[in-house]
Amino acid sequence: MPDDYTNNTITFSMEEVREADMKRILLTVYDALKEKGYNPISQIVGYILSEDPTYITTHNNARSLIRRIDRDELLKAMVRSYLGE
């Protein structure tokens, strides 16, 4: 007996996948900064504005992770989220 889902087309957006990945990375970086006693919001904003990786701790590989995110894509996603789009 065939499964019901075999005849249905499943669609996904690469943009949604990238945004979910960015969110996962940001949450990991946020947690690493918090664990080390930093103000995570200030540190992440400092990194976004300057692209200086020293704003981000190496704890839990956070610095390496955040460098995987394209800052322009991140800013676009943040503005879309803020505006509810």
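Sequence positions, counted from 1, serve as the residue numbers for this chain.
- We find the OG-NZ distance between S81 and K23 to be 7.5 Å, quoted to the nearest 0.5 Å.
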| said: side chain to side chain contact (heavy atoms under 4.5 Å, CB included) for Y55 and I44? Distances and angles first, verdict last. | reply: CA-CA 7 Å; Y55 276 97; I44 292 170; over 6 Å; no

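- The closest side-chain heavy-atom distance from N39 to L33 is not below 4.5 Å.
- Contact check on D21 versus R18 returns no salt bridge, with no Lys/Arg side-chain nitrogen under 4.0 Å from an Asp/Glu carboxylate oxygen.
- Both I66 and I41 belong to a single network of hydrophobic side chains, linked directly or stepwise wherever heavy atoms of I, L, V, M, F, W or Y lie under 4.5 Å apart.
- Taking hydrophobic clusters as Ile, Leu, Val, Met, Phe, Trp and Tyr residues chained together by side-chain heavy-atom distances below 4.5 Å, V45 shares a cluster with I69.
- Two residues are said to be in side-chain contact when any heavy atoms from C-beta on lie closer than 4.5 Å; R80 and E19 meet this criterion.
- With hydrogens and angles disregarded, no donor-acceptor distance shorter than 3.5 Å links the side chain of Q43 to the backbone of I56.
- The only member of L26, N60, I25 that meets side chain to side chain contact (heavy atoms under 4.5 Å, CB included) when paired with L65 is I25.
- Note on L75 and L49: same hydrophobic cluster, where clusters join Ile, Leu, Val, Met, Phe, Trp and Tyr whose side-chain heavy atoms are under 4.5 Å apart, directly or indirectly.
- Judged as a salt bridge (charged side-chain N to carboxylate O under 4.0 Å, His left out), the pairs with a partner in residues 50-72 (not counting sequence neighbours) are, in order, E51-R71.
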